Trainee: 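Okay, here's the structure, questions in a sec.
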Amino acid sequence: MNAEDFFNQGLNQNLQGDYQAAIAAYSQAIKLNPDYPEAYHNLGLILSGQLKDYRNAIANFNRAIEINPNFATAYYNRANARYFLADYEGAIADHNVALQIDPNLAQSYHSRGNAYFALENYDKAIADYIQTIEMSTQLADNINIDIANAYHNRGVTLFECGDRQGAIADFQQALQWHPHFAAAYSNRGNIHHILGNYQEAIADHNQALELDPNLAEAYHNRGNAYYALADYQSAIADYNHALKINPNFAGAYYNRGLVLAHLKNYHEAIEDFNQALKLNPDDVQAYSERGLVRSTLEDYQGAIADYNQALQENPTLALVYGFRANARRRLGDYQGAIEDSNRLLQLNPNLAEGYCDRAAARRSVGDHKGAIKDYDQALQINDKLAAAYYGRSIAREALQDLQGAIDDNTQAIKLVPDFSQAYCNRGNARRLLGDEQGALADYNQALKINPDLIEAYYNRGSTHYALEAYESAIADYTQALQINPQSAAFYSDRANARYALEDYQRAIEDYSRAIAIDPSFAEDWYNRGRSRSLLGDLQGALADLNQALQRQPNWASAYILRADVYRNLGDSQGAIADFQKSADLYHQEGNIQYYQQIVELIEQL
């Protein structure tokens, strides 16, 4: 057998899919004829197209070109191998030579267009795709799929250039030439999605999947359309399909994580973001979204670590500075929060929410005037921002501008009629102005909107207490305790209402619960001691008053009460000593009237 025989044998074996035998035959042909360019070329084709061994393929194409410098197809195929190695400039240079040798090599225009696209040189890419279409349609033996590919790739390029309608038109042309072109349906579906035509997008992805059930991207993109339509279970099912086909599909993990976070399956969402970042460690969106979920779970340190990573990858992400500012504020790092808000506003001076975030941090450090300036700026940018009116109301209340606080909450409510917290805060300002009935009306409305708003129960209870409606106050404090049974203040205030009703035993029970939660509050020890004294438990009262004075040693009223307990126990010396101590404290305070009354009482003893 001569070289020609082995070459023909290689051709046949290649057509039969026996690539290793074909390689052996071409190699034998080259051994017999070292200057056989077609054998080198065909050997390069198998290495590139079937074995993905692009470097060795290029070596064979080089030898073919060295032997025959006018071998246009060798330049074309070497260009394709270079393309797959991301050597786009080298690929374009080879296509240029191929087209100089053979200006009718339509597929070289097409592949050169792909290389220009990869370099984001879209104008030249489009020009090459147009040339491909014009040449291919004129050929008597044109292949529909080649023309379809050219339309498809031009459509992708037009999309990148922002011409969505032009892209759709090209995808439709691609489908006319090749009706079973799954990728064209899928990409047309993507544009429908961007245009908000989610049902049309789903229909296109359905068609793509009918043609190619293993097209992971179509499942993923259909999942995105279902997500946009709030059909979360269908979205998750599609992401699951995509990941079954391609377990390394980072985007599917990321988007499934978004849906899971929306459904409040936070730990599962974090697992998906973890997997997305494992596959794509530079994905700033995955870091940012995982940070938001961690912040929701009150893992603020973990959230900050994620925001740090995102900002390390891209320091110009304004919103991420805002996210980190909120996390820092939650941790009490108010200065850090202000610095992050400053950076956000440097990047985007027109982001009203950024001013609100900085204002919240300024409020936290007591800079209420600075906070108001920030809220003013936010409202200058967006006078429909209810959160800015609400935040400013808090700062105004802190500065005793109660009417201003009422006005701001009223404006917030006009913008967001179901803003329960604004009703609650307006009620607080009205109560401080002495408008208890107006306050009660606001608390009632807040609780109608949000029956779990604990502050509204507590503040309504305090208003009822001030109006001496003690039973109503007890009912409200009880509701608050059902939501948070670990609040010492709620037990303490309910105890005060029970004391006012002379229900001393139940008052003692509530003071005891408050003390068990927070034993540092002197008033609870005092009030329990007072209640025990009224029930005749003088030793218990004495023990409680000792605890109260241990925590607040300059409390004149506590000395008077303990003196009275000593007197009832028959301990005159103890009573006199405590009365004297209270008289001294009143004298130091400048309260001469009380001082004189206590001195007269001591003289009587």
Side-chain angles (χ1 to χ4, degrees), residues 257-258 260-262 264-267 269-270 273-274 284-312 315 317-348 351-368 370-375 377-378 385-395 397-398 412 416 419-422 424-425 428 450 452-456 458 480 483-484 486-490 517-518:
L258 290 179
L260 290 169
H262 183 83
K264 300 184 180 181
N265 296 332
Y266 298 121
H267 295 288
I270 287 174
F273 292 137
N274 291 346
V284 294
Q285 287 183 306
Y287 283 114
S288 179
E289 293 295 337
R290 187 174 69 180
L292 288 172
V293 173
R294 284 176 164 168
S295 188
T296 301
L297 293 172
E298 299 184 2
D299 175 14
Y300 300 117
Q301 292 290 2
I304 288 170
D306 275 341
Y307 300 143
N308 290 346
Q309 191 66 39
L311 291 168
Q312 184 177 326
L317 294 171
L319 288 177
V320 178
Y321 286 104
F323 298 153
R324 190 171 69 179
N326 286 331
R328 284 178 162 169
R329 184 164 58 87
R330 297 283 187 172
L331 288 174
D333 178 11
Y334 304 121
Q335 191 55 45
I338 290 170
E339 290 170 3
D340 271 345
S341 294
N342 290 342
R343 180 66 178 134
L344 180 157
L345 292 167
Q346 285 175 354
L347 291 167
N348 187 353
L351 186 63
E353 291 81 0
Y355 289 100
C356 288
D357 287 343
R358 188 170 68 183
R362 284 179 164 168
R363 276 191 0 240
S364 298
V365 296
D367 181 12
H368 301 294
I372 288 172
K373 287 181 181 178
D374 272 343
Y375 288 126
Q377 186 65 34
L385 191 59
Y389 288 107
Y390 170 74
R392 191 171 67 178
S393 78
I394 297 173
E397 183 176 320
V416 182
F419 201 160
S420 59
Q421 192 65 60
C424 186
N425 281 15
N428 295 343
N450 181 6
D452 294 324
L453 189 59
I454 194 169
E455 299 160 66
Y458 179 71
I483 299 169
N484 179 14
Q486 295 302 312
S487 171
F490 296 170
I517 295 168
D518 181 7

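Residues: numbered from 1 along the sequence shown. Just so it is clear, the model here is predicted, and its values are computed rather than measured. For the numbers below, each heavy atom of this structure counts, side chains included, while hydrogens, waters and symmetry mates do not.
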Trainee: Kindly give the heavy-atom pair with the smallest separation between Ala386 and Val416, and that separation in Å.
Mentor: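 For Ala386 and Val416, the tightest heavy-atom pair comes out as CB-CG2, 3.6 Å.
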Trainee: Kindly indicate, with the supporting measurements, whether the criterion side chain to side chain contact (heavy atoms under 4.5 Å, CB included) is fulfilled by Glu353 and Leu385.
Mentor: CA-CA 8 Å; Glu353 291 81 0; Leu385 191 59; 3.9 Å; yes
Trainee: Atom CD of Gln301 and atom CZ of Arg328: how far apart are they, to the nearest 0.5 Å?
Mentor: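 Going from the CD atom of Gln301 to the CZ atom of Arg328 covers 10.0 Å.
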Trainee: State, yes or no, whether a side-chain contact exists between Ser364 and Arg329 at a heavy-atom distance under 4.5 Å.
Mentor: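 Ser364 reaches Arg329 side chain to side chain.
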Trainee: Does Tyr389 use its side chain to pair, donor to acceptor, with the backbone of Tyr375 at less than 3.5 Å?
Mentor: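 Checking the backbone N and O of Tyr375 against the side chain of Tyr389, no donor-acceptor pair under 3.5 Å is found.
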Trainee: With a 3.5 Å distance limit and no angle check, can you tell me whether Ser341 reaches the backbone of Ala337 through a side-chain donor-acceptor pair?
Mentor: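 Indeed, once roles are kept as given, a pair shorter than 3.5 Å links the two residues.
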Trainee: Would you check if the side chain of Tyr307 reaches a backbone N or O of Gly291 as a donor-acceptor pair within less than 3.5 Å?
Mentor: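 Yes: the side chain of Tyr307 pairs with the backbone of Gly291.
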Trainee: Indicate yes or no: at least one non-hydrogen side-chain atom of Leu453 is less than 4.5 angstrom from one of Cys424.
Mentor: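 SC-SC contact between Leu453 and Cys424 confirmed.
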Trainee: Kindly write out the residues that satisfy side chain to side chain donor-acceptor pair (under 3.5 Å) with Tyr355, not counting sequence neighbours, or none if the list is empty.
Mentor: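 Expected list: none.
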Trainee: Contact between Asp340 and Asp357 at the side-chain level, heavy atoms closer than 4.5 Å - yes or no?
Mentor: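 No, side chains not in contact.
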Trainee: Output yes when a side-chain donor or acceptor of Ser393 lies under 3.5 Å from a complementary backbone atom of Tyr390, and no otherwise.
Mentor: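 Yes, because the side chain of Ser393 sits within donor-acceptor range (under 3.5 Å) of the backbone of Tyr390.
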Trainee: Check the pair Leu319 / Leu351 against side chain to side chain contact (heavy atoms under 4.5 Å, CB included), numbers first and verdict last.
Mentor: CA-CA 9 Å; Leu319 288 177; Leu351 186 63; 3.9 Å; yes
Trainee: Does a side-chain heavy-atom distance below 4.5 Å link Phe323 with Ser295?
Mentor: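 No; the side chains remain at least 4.5 Å from each other.
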Trainee: As an exercise, state the distance from CG of Asp306 to CD1 of Ile270, rounded to the nearest 0.5 Å.
Mentor: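 So the CG of Asp306 and the CD1 of Ile270 are separated by 8.5 Å.
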Trainee: Going by heavy atoms in the side chains, are Phe273 and Leu258 under 4.5 Å from each other?
Mentor: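 In contact.
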Trainee: First locate atom CZ of Phe419, then atom CG of Asn450, and finally report the distance between them rounded to the nearest 0.5 Å.
Mentor: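 Going from the CZ atom of Phe419 to the CG atom of Asn450 covers 11.5 Å.
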Trainee: Side chains of Tyr334 and Arg363: any donor to acceptor distance under 3.5 Å?
Mentor: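 There is no such pair (donor and acceptor under 3.5 Å, judged by atom type) between the side chains of Arg363 and Tyr334.
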Trainee: Does Leu297 reach the side chain of His267, with side-chain heavy atoms less than 4.5 Å apart?
Mentor: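 The answer is yes; the side chains approach within 4.5 Å.
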Trainee: Taking atom CD of Glu339 and atom CG of Asp333, what is their separation to the nearest 0.5 Å?
Mentor: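 One finds 7.5 Å between CD of Glu339 and CG of Asp333.
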Trainee: Quick one: CZ on Arg362 to CD1 on Ile338, what's the gap to the nearest 0.5 Å?
Mentor: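 The CZ atom of Arg362 sits 6.0 Å away from the CD1 atom of Ile338.
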Trainee: Give, for atom CZ of Arg343 and atom CZ of Arg358, the distance between the pair rounded to the nearest 0.5 Å.
Mentor: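 Answer rounded to 0.5 Å: 14.0 Å.
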Trainee: I'd like to check Asp374 versus Arg392 (side-chain heavy atoms, cut-off strictly below 4.5 Å). Are they in contact?
Mentor: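 A side-chain contact under 4.5 Å is absent here.
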Trainee: Between Leu331 and Ile304, does the side chain to side chain contact (heavy atoms under 4.5 Å, CB included) criterion hold? Intermediate values first, please.
Mentor: CA-CA 10 Å; Leu331 288 174; Ile304 288 170; 3.7 Å; yes
Trainee: My understanding is that only residues two or more places apart in sequence, or in another chain, count here; which of them pass side chain to side chain donor-acceptor pair (under 3.5 Å) with Tyr287?
Mentor: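 Partners of Tyr287 under the side chain to side chain donor-acceptor pair (under 3.5 Å) test: none.
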Trainee: If you define the side chain from C-beta out and look only at heavy atoms, does anything of Gln421 sit under 4.5 Å from Glu455?
Mentor: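 The answer is yes; the side chains approach within 4.5 Å.
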